[in-house]
Protein chains: 2
Amino acid sequence: MAEALEGRRSTRRTATLASLAAELGVSRTTVSNAYNRPDQLSPALRRRVLDTARRLGYPGPDPVARSLRTRKAGAVGLLLTEALSYAFRDPVAIQFLEGLALACEDNGSGLLLVPVSPEAEDVGAVARAGVDGFVVYSMPDDDEHFAAVLERPVPVVVCDQPTDVPDVDRVGIDDQAAMVELAQHLAGLGHRRVGVLCMRLSLDRNDGFASVSRQDSARYEVQRRRLAGLRDGFTAAGVDWSTVPVVERFDHTEAAGAHAFDQLAERHPDVTAVVCTSDILALGALRGARAAGRDVPGDLTITGFDGVPAAERAGLTTVRQPSLDKGRAAGELLLDRGDRQRSRTLLLPTELMVRQTSGPPKS
Amino acid sequence: MAEALEGRRSTRRTATLASLAAELGVSRTTVSNAYNRPDQLSPALRRRVLDTARRLGYPGPDPVARSLRTRKAGAVGLLLTEALSYAFRDPVAIQFLEGLALACEDNGSGLLLVPVSPEAEDVGAVARAGVDGFVVYSMPDDDEHFAAVLERPVPVVVCDQPTDVPDVDRVGIDDQAAMVELAQHLAGLGHRRVGVLCMRLSLDRNDGFASVSRQDSARYEVQRRRLAGLRDGFTAAGVDWSTVPVVERFDHTEAAGAHAFDQLAERHPDVTAVVCTSDILALGALRGARAAGRDVPGDLTITGFDGVPAAERAGLTTVRQPSLDKGRAAGELLLDRGDRQRSRTLLLPTELMVRQTSGPPKS
DNA sequence: GTGAAAGCGCTAACAG
DNA sequence: CTGTTAGCGCTTTCAC
């Protein structure tokens, strides 16, 4: 980045507040006031200062120097699970971003997307971010970037995962309870032979079946809890969870969902319901199932999680979560003045959306 | 923002590089080197420095102070047409963002979304952004925020509009030529009675027909050029452009597109083709047309512009533009070292995608 | 209404 | 390999 930006425009690095003051024969204070406290000087003098500034090409107080002095950067840092660019492919993340952006806007704060290189050791980006606080979106347990955030002496708000971090506010949903509810819905319809499609459970790629022990030790708390909710709900309905096939996918795409469905269906052709831990996966599964000639919900039930717009269009039965509200709440939690006593946790409501991809089992 | 972030965590503002050095009995340089130039001191000493830092709760060099000293912020600022949050609703903007994020990632730069309040005078946010350069996405002519960006002594890259800004690089497409091609396609099919749906042409809301003079004086250059392209293309086919109805919409949503279609169809029921200057509008028009019982493309042709995923799914005939590439190119143009001589303009290719919403006129 | 003094916390020559 | 010297550009009491 060093010389990268040494361009045409940047060469006109010219006047400073001090040189302007000298030129005008006034003190630096006065010039500073002209910009920051217009009421502290006569309008005439202020006008003179600003005019001279323009003539000298003085661009106004340097933002970085001001930040150093005032001890505030005017920006919120955002740390994301994946590469920065991935966020713009995931509809849930996009909605979260929109909500967060809204909160920042209201506050006049900038939103700094912290570059987290692919698998980078480069924790440096976190240390180098000039921000007044961090919002951390859905990180795996024991993430080093997150650890780096915690090192910084600024407030932090986590969305979703990980939970139970001392001195850190959090906003999320009750993933486990939401899944219990979904399981009850399906069990109520009569489903007993179910299969599950879930997102990655650890940092190492495992595109295939996930054992119960792998499920329980998942490094992604959200997935762990969603699976736990399904286990609780189905177990209560008399299903032996250890017999329930869970297929994991590292990539979070519809294609992955479709392929995971094939894998599940091949080995367990008898399942009557496929529960997916995300809408994207479910949408893919739906496509895969229909491509395989299955009738949904006629002879197969498929459900998702998240409540993205595409799921609604597809009539997918799913659990809706307020992604945008999570973003806004995270921003507000970070930026809101006031009662910042002990760490707060905000759990937002979810809603089971029964639509057209779930029904009673065929037989 | 001031006290907003004075929280639990932030109170542990403690050691500085200087106090650490004092504690260790070494110079500040040494401590600085421990962080920035590990090769400049013995591993043993470095370890001692780092250990003591941890013990004292020293979080490492303050990013803002470092930025002041090194004269680089490590971040790129992004200025967007609308409120920050709008960007996350527009699929074209999202793709642009993704591309830009990719370029930033590669460079290890942060991406700072500059908060531009709704209709804010608050140009201050631009002045206050600690960034090494700005990417400006599709701004109207004579925008004051953009003007504020130009005041800053840093490099600037504009995407799309406005064009012809001195000393500023630009990336975009040839909107006019792309529309000429589309017009030729439609004229070739035999369409002579056409109608147009376009995005806002100025900052004041005008949800209705736009006169030729309003078209020509549009403050949004992209819309101006797309309309000009249509005019050129259809005029060449013998159409009197002054008779072509152009319906404008301030909001860029499918609902607006559908409603605009109704408005057009009511007053000009005889048009055989509706050309929209964006896919969103076209998707809305398509919905409106079908809701009105029209057969597309049977008795009505509808086209879009942009090439968003939803347009592909809908089989919409449109002009595809490489939104992601534009974002990446903008980032690279800003960050790439090297030949930064005079201002560069990068025009990316577009492609006419003839799909299932265009066909010969009915009669 | 205006100025003087005192750094914010850090890095970068350049000596040693 | 380590320390000295000089600020980066600005804001902010606190007197005048």
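What you see is a predicted model; the values in this text were computed from it and never measured. Chain letters run A, B, ... following the sequence lines, proteins first and then strands; every chain starts at 1.
Applying side-chain contact (heavy atoms from CB on, under 4.5 Å) to A/Leu79 and the options A/Val156, A/Val158, A/Leu113, A/Val149 leaves one that passes, A/Val149.
Contact of the A/Arg48 side chain with the A/Asp51 side chain is not registered, since no non-hydrogen atoms from C-beta on lie closer than 4.5 Å. Counting heavy atoms from C-beta outward, B/Leu324 and B/Leu102 have side chains that approach closer than 4.5 Å.
Note: OH (A/Tyr35) to P (D/dT12) measures 16 Å, nearest angstrom. One interatomic measurement links the two molecules: CZ of A/Arg128 to C1' of C/dG9, which rounds to 17 Å at whole-angstrom precision. Rounded to a whole Å, the CG atom of B/Leu45 is 12 Å from the C1' atom of D/dG3. For the pair A/Arg71 CZ and D/dC10 P, the interatomic distance rounds to 17 Å; values are reported in whole Å. Rounded to an integer number of Å, the gap from B/Gln40 CD to D/dT2 P is 10 Å.
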Base contacts versus sugar-phosphate-only contacts with protein, heavy atoms under 4.0 Å: please encode nucleotides 10-16 of chain C as B, S and - from 5' to 3'.
BBBB---
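Within the nucleic acid shown, A/Val26 comes within 4.0 Å of sugar-phosphate atoms alone, with no base atom in reach, counting heavy atoms only. Nucleic acid contact class of A/Leu68 (heavy atoms, under 4.0 Å, all strands): base.
Residues A/Thr163 and A/Glu221 have side chains that bring a donor and an acceptor to within less than 3.5 angstrom of each other.
Phosphate contact (OP1/OP2 of D/dT2, side-chain N/O of B/Ser27, threshold under 4.0 Å): absent. Look at A/Thr30 and you'll find a side-chain N or O under 4.0 angstrom from OP1 or OP2 of C/dG3.
Applying the ring pair (Phe, Tyr, Trp, His ring centres under 6.0 Å) definition to pairs two or more places apart or across chains, those involving residues 19-65 of chain B are B/Tyr35-B/Tyr58.
With sequence neighbours excluded, no residue satisfies side chain to side chain donor-acceptor pair (under 3.5 Å) with B/Thr345.
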